[in-house]
Amino acid sequence: MSPPVVRFAPSPTGYLHVGNARIALANFLFARRHGGRFLLRLDDTDTARGKPEFADAIAQDLGWLGLAWDDSFHQSARLDRYAAAAERLKRAGRLYPCFESEEELRAKREQRLRRHQPPVYDRAMLKLTPAQRAAAEANGKRPYWRFLLSNATVEWTDLVLGPRAVKLPAVSDPVLIRADGTPLYTFTSVVDDIDTGITHVIRGEDHVTNTGIQRDIFAALGADPAAIGFAHLPLLTDSDGGKLSKRLDSLTLRSLRADGVEPQAITSYLARLGTSADPEPLDLAALAASFDLGAFSHSAARFDARQMLALNRRVLHAAPFAAMAERLPPGATEAFWHAVRGNLDLLNEARGWWDVAAGAITPPVIEGERDYLRAARDLLPPEPWDGEVWQAWTTALKSATGRKGRALFLPLRLALTGEEHGPELRELLPLIGRDRAARRLEIAAA
Ligand code: GLU
C-alpha cells in the first residue's frame with residue numbers, strides 16, 4: 001500500500017485521558033509501522049466548549065508520551081474551506097435549512113416514541129417553501145442546516161470490527177451548520193479528511209454510527225469512502241468491567257504524570273490492551289514494529305491500572321541513571337539509583353529513599369532492642385566505607401551477639417530506614433554513611 005496518512009483529532013474540551021491516549025497511540029503506531037504520516041488535528045470549531053488551554057495541554061501530553069506528529073492544524077483556521085464545501089452541498093440539494101427549536105424537536109421525538117416509531121427527524125423542513133423561509137427569516141430567525149442522508153445502508157469492512165453496517169433511514173439527518181454559521185465536527189472532519197488525504201480513520205467504537213453518516217457525506221462531496229480504511233477500537237472498561245467509568249475518564253495523562261507513571265509504561269500497556277499479546281516494556285519503535293489493527297479483539301478492553309503499574313516497575317528497573325537523573329532529587333547519584341530502582345513502583349518514591357540515603361529521617365523506637373542496637377552502633381566500622389561495609393559490620397555483629405537471620409537484620413533495617421522492606425542494605429548503607437547510621441541506631445535504641 002502507499003504510505004498511509006492518519007490523524008488523531010481531539011476536541012480541546014478537556015485533558016487527554018487513557019482512552020484518548022490509546023486512540024492517539026494506535027494512529028501513531030500505525031503510521032510508523034507502515035512508513036506513513038501522523039497528523040494532529042484539533043477539532044476546535046465548537047468555541048462554546050473548547051478552550052485554547054486544552055489544545056496546548058493536549059499537545060504537551062502527546063509530546064510527553066513521545067507521540068510526535070508530522071503536522072498539526074486547528075479546524076478553526078479552516079472555516080473558509082468548510083463554508084465552501086457547505087455551499088457545494090447546498091447547491092446539490094443535500095443541505096437544507098431548518099428552523100425548529102429544541103423544544104419543538106423534543107415534542108416530535110416524544111410523539112414518535114409514544115407511537116412506537118423510531119425517534120428520527122421527520123424532515124418537515126424539507127417541505128418549507130421559499131415564502132415560509134422568508135417569513136421565518138423576517139421574524140429574525142436564522143436557519144441551521146441539516147444534511148439530507150441518502151436512503152442507503154452503508155457497509156464497510158472495519159479493520160478492527162469486521163463487517164459493519166449503518167442503516168441511514170434509522171438515523172436523523174445530522175445538523176452540519178449551526179444557526180450562528182459555525183460548522184459541526186461531523187462535517188468538518190470529512191472536509192479535512194478529504195483535504196489532507198487521510199487514508200485510514202482510526203478511532204473509538206463510539207464513532208461507528210458517525211462512520212455511516214460520514215461516508216455518506218464523503219460521497220456527497222465527491223470523494224470515494226471505499227478508498228478509506230475505517231478502524232474502530234472497542235471502548236475501555238474499568239477493571240470491574242463497568243462501562244468506561246468516570247474513574248477512567250478522570251485518569252488523565254496529567255494525573256498519571258503527576259503520580260510519576262512513566263510514559264513508556266503507559267504506551268507499552270495501551271498498545272497491547274485488547275489484544276492477546278502480553279504487554280512488555282518496549283519503546284515506541286518496537287511497539288510500532290509489531291503493531292497490527294487486526295490483533296484487537298471485538299469486545300471492550302478492560303483497563304487494569306495494576307497491570308500498568310506492574311509494567312511501570314519493569315520500566316523503572318531497567319532504566320539507566322542517565323535517563324532518570326533529571327527527575328531524581330538534586331544530588332542523587334548513580335549508586336543511589338542502582339540501589340533503589342528495583343524497589344520502586346513509581347519514580348516519585350525515590351524521594352523517600354533519598355531522604356533515607358542522604359537526608360534526615362527519624363526511625364521508630366524499637367521495643368526490647370536497646371542493647372542490640374547499641375552494640376550495633378558500637379560495631380560500626382570506621383570510615384571510609386565501601387561496598388563491603390555491610391558484610392563486615394553484620395559479620396562482626398553476628399559473632400558478638402550470636403544473632404542471625406531476621407533477628408539480626410530486621411532491627412537494623414528498621415533503625416536505618418524506618419521501613420520493614422526496601423532496597424538492599426548492602427547498597428544503602430555506604431550511601432547513608434557512618435554519622436547518620438550511628439544517630440539512627442541511637443534513636444531507635446532509646
Ligand atoms: N473530535 C472527534 C472526537 O474527539 C474526533 C473523532 C474522529 O477521529 O473523527 O471524538
Side-chain angles (χ1 to χ4, degrees), residues 4-31 36-52 54-59 61-62 67 69-79 81-82 85 147 154 156 158-161 164 166 171 174-176 178 182-218 221 223 225 227-236 244 248-249 252-253 270 293 296:
V5 185
V6 295
R7 82 297 192 283
F8 174 56
S11 307
T13 53
Y15 294 119
L16 293 183
H17 54 70
V18 290
N20 309 128
R22 176 164 173 257
I23 300 296
L25 179 67
N27 278 284
F28 173 87
L29 294 176
F30 184 82
R37 285 161 52 77
F38 170 61
L39 312 183
L40 170 61
R41 182 183 89 201
L42 288 143
D43 287 358
D44 61 348
T45 57
D46 185 349
T47 46
R49 295 200 314 132
K51 292 213 172 68
F54 287 130
D56 294 343
I58 287 168
D61 291 348
L62 289 176
L67 308 186
W69 51 90
D70 299 300
D71 203 355
S72 83
F73 63 98
H74 286 64
Q75 288 195 320
S76 55
R78 290 173 42 80
L79 295 177
R81 289 293 305 162
Y82 310 133
F147 177 71
V154 176
W156 73 94
D158 198 278
L159 297 172
V160 171
L161 301 176
R164 287 283 128 161
V166 175
V171 179
V175 175
L176 299 192
R178 295 185 191 86
T182 53
L184 278 109
Y185 148 76
T186 314
F187 178 49
T188 53
S189 181
V190 176
V191 175
D192 289 339
D193 288 346
I194 295 172
D195 282 0
T196 54
I198 295 301
T199 60
H200 295 78
V201 171
I202 304 168
R203 56 189 176 183
E205 195 176 8
D206 50 333
H207 284 289
V208 165
T209 303
N210 273 341
T211 293
I213 295 169
Q214 289 179 325
R215 286 177 71 112
D216 206 36
I217 301 175
F218 270 108
L221 287 172
I228 298 174
F230 284 85
H232 295 89
L233 291 181
L235 299 183
L236 299 184
L244 178 76
L248 273 185
D249 251 353
T252 61
L253 295 177
L270 293 178
L293 285 172
F296 285 88

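Quick note: numbers below take in every heavy atom, side chains included, and nothing from hydrogens, waters or symmetry partners. Numbers for residues simply follow the sequence, beginning at 1. Atoms within each ligand, like the ligands themselves, are counted from 1 in listed order.
Electrostatic pairing of R41 and D193 counts as a salt bridge here, judged by a charged N lying under 4.0 Å from a carboxylate O. Electrostatic pairing of D46 and R178 counts as a salt bridge here, judged by a charged N lying under 4.0 Å from a carboxylate O.
Protein residues with any heavy atom under 4.0 Å from ligand 1: R7, A9, S11, D43, Y185, S189, R203, H207.
Legend: residues meeting side-chain hydrogen bond (donor to acceptor under 3.5 Å, both in side chains) with D195, ordered by chain and number and at least two apart, are R78, R81. Applying the side-chain hydrogen bond (donor to acceptor under 3.5 Å, both in side chains) rule to Q75 yields the partners D43, T188, D192; only residues at least two apart in sequence or on another chain are considered.
Side-chain contact annotation: D158 with W156, donor-acceptor N/O pair under 3.5 Å present.
Counting only residues at least two apart or on different chains, the salt bridge (charged side-chain N to carboxylate O under 4.0 Å, His left out) pairs with a member in residues 206-218 are R94-D216.
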